[in-house]
Amino acid sequence: MSADDRVVRARRCALLVIDVQESFRRMPFWSEADVPAFKDALMRLDAGCRAQHVPVVHIFHVGQSGPFTEDSGYVRALDWLPGSPAVSFDKHTHNAFSDTGLDLWLRRRGIERLIIAGIRTEQCCETTTRVASDIGYLVDFVTEATLTFPMTHAFSGRTYTPAEIKEHAELVLAGRFARIVNVEDCLAGLGDGRA
């Protein structure tokens with residue numbers, strides 16, 4: 001495969017970086033425990049995509065109260081996230097497609113495969129993955145480049161760890177809505193025709 005062929009294939013992909021925003025650091029459940037590994041994975045994924053001419057798209061969640069409102073000043077990228085995305089979109093739902101213009105932007109560029117990363121694994125990342133698959137995109141869900149936090153079940157009282165939540169997300173997405181990959185396999189797929 002020529003270098004030009006790899007660029008064409010890569011241009012059919014886009015990396016969606018979902019909700020990696022300062023708002024989360026203001027939430028009571030925020031924990032730094034898994035941030036170093038998440039940051040490392042996301043930075044490698046972002047750099048690898050940019051090196052292979054894959055557009056990086058930033059998605060930010062705008063809510064109606066608290067640190068997710070535009071007036072809060074926290075609907076902005078975490079300070080370590082690389083800037084200069086190809087485009088940014090604000091969303092008001094759990095998925096990145098409803099009323100954002102993202103789908104139109106992707107289709108006008110011939111993008112067929114999406115690479116999903118961001119915060120939270122089981123919430124906006126998983127929901128965006130399901131919607132993307134339902135409307136015809138191929139999806140790579142890069143679990144290690146997602147972040148989540150412990151959650152306590154409302155009825156049983158059991159607290160689920162981030163690792164358990166990620167494992168469940170992989171279970172319900174794999175083979176139905178997405179291909180589950182790590183950073184290295186995702187980036188390798190951009191150059192070998194799997195993307």
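Using a 4.0 Å cut-off between charged nitrogen and carboxylate oxygen, Glu164 and Arg158 count as a salt-bridge pair.
Residues passing the side chain to side chain contact (heavy atoms under 4.5 Å, CB included) test with Thr159, sequence neighbours excluded: Pro150, Thr152. Here Arg76 pairs with nothing under the side chain to side chain donor-acceptor pair (under 3.5 Å) rule; sequence neighbours left out. Qualifying side chain to side chain contact (heavy atoms under 4.5 Å, CB included) partners for Asp34, counting only residues two or more places apart in sequence or in other chains: Leu147, Pro162. Residues that satisfy the side chain to side chain contact (heavy atoms under 4.5 Å, CB included) test with Glu167, not counting sequence neighbours, are absent from this structure. In this view, Arg176 satisfies the salt bridge (charged side-chain N to carboxylate O under 4.0 Å, His left out) rule with no residue, not counting sequence neighbours. Residues that satisfy the ring-ring contact (aromatic ring centres under 6.0 Å, His included) test with Phe38, not counting sequence neighbours, are Trp80. For Phe141, the ring-ring contact (aromatic ring centres under 6.0 Å, His included) test picks out no residue, with sequence neighbours left out. For the ring-ring contact (aromatic ring centres under 6.0 Å, His included) test, residues two or more places apart in sequence or in another chain that qualify with Phe149 are Phe29, Trp30. Take Thr128 and apply the side chain to side chain donor-acceptor pair (under 3.5 Å) test, not counting sequence neighbours, and it matches no residue.
Between the CG atom of Asp19 and the CD atom of Gln21 there is a distance of 5.0 Å, given to the nearest 0.5 Å. Between Glu70 atom CD and Ser23 atom OG the span is 10.5 Å, to the nearest 0.5 Å. Taken to the nearest 0.5 Å, the CD1 atom of Ile116 stands 4.5 Å off from the OG1 atom of Thr129. Atom CD of Glu170 is separated from atom CD1 of Ile180 by 5.5 Å, given to the nearest 0.5 angstrom. Atom NZ of Lys166 is separated from atom CG of Leu171 by 16.0 Å, given to the nearest 0.5 angstrom.
Thr143 places none of its side-chain heavy atoms less than 4.5 Å from the side chain of Asn182. You'll find the side chain of Leu78 stays beyond 4.5 Å of the side chain of Lys39, heavy atoms only.
Side-chain heavy atoms closer than 4.5 Å link hydrophobic residues (I, L, V, M, F, W, Y) into clusters, and following such links, even through other members, never connects Phe68 to Tyr74. Hydrophobic cluster membership is shared by Val131 and Leu114, with clusters built from Ile, Leu, Val, Met, Phe, Trp and Tyr side chains linked at under 4.5 angstrom.
A distance-only check finds no donor-acceptor pair linking the side chain of Arg179 to the backbone of Gly175 [under 3.5 Å].
Identified under the ring pair (Phe, Tyr, Trp, His ring centres under 6.0 Å) test for residues 108-140, with sequence neighbours left out: Phe97-Tyr137.
Hydrophobic cluster membership for Met151: Tyr160, Ile165 (Ile, Leu, Val, Met, Phe, Trp, Tyr linked by side-chain heavy atoms under 4.5 Å, directly or transitively).
Judged by distance alone, the side chains of Thr121 and Thr146 do bring a donor and an acceptor atom under 3.5 Å apart.
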Enumerate, atom names and distances included, each donor-acceptor pair closer than 3.5 Å involving a side-chain atom of residues 55-67, sequence neighbours excluded.
{"residue": "His61", "atom": "ND1", "partner": "Lys91", "partner atom": "NZ", "Å": "2.8"}
{"residue": "His61", "atom": "ND1", "partner": "Thr93", "partner atom": "O", "Å": "3.4"}

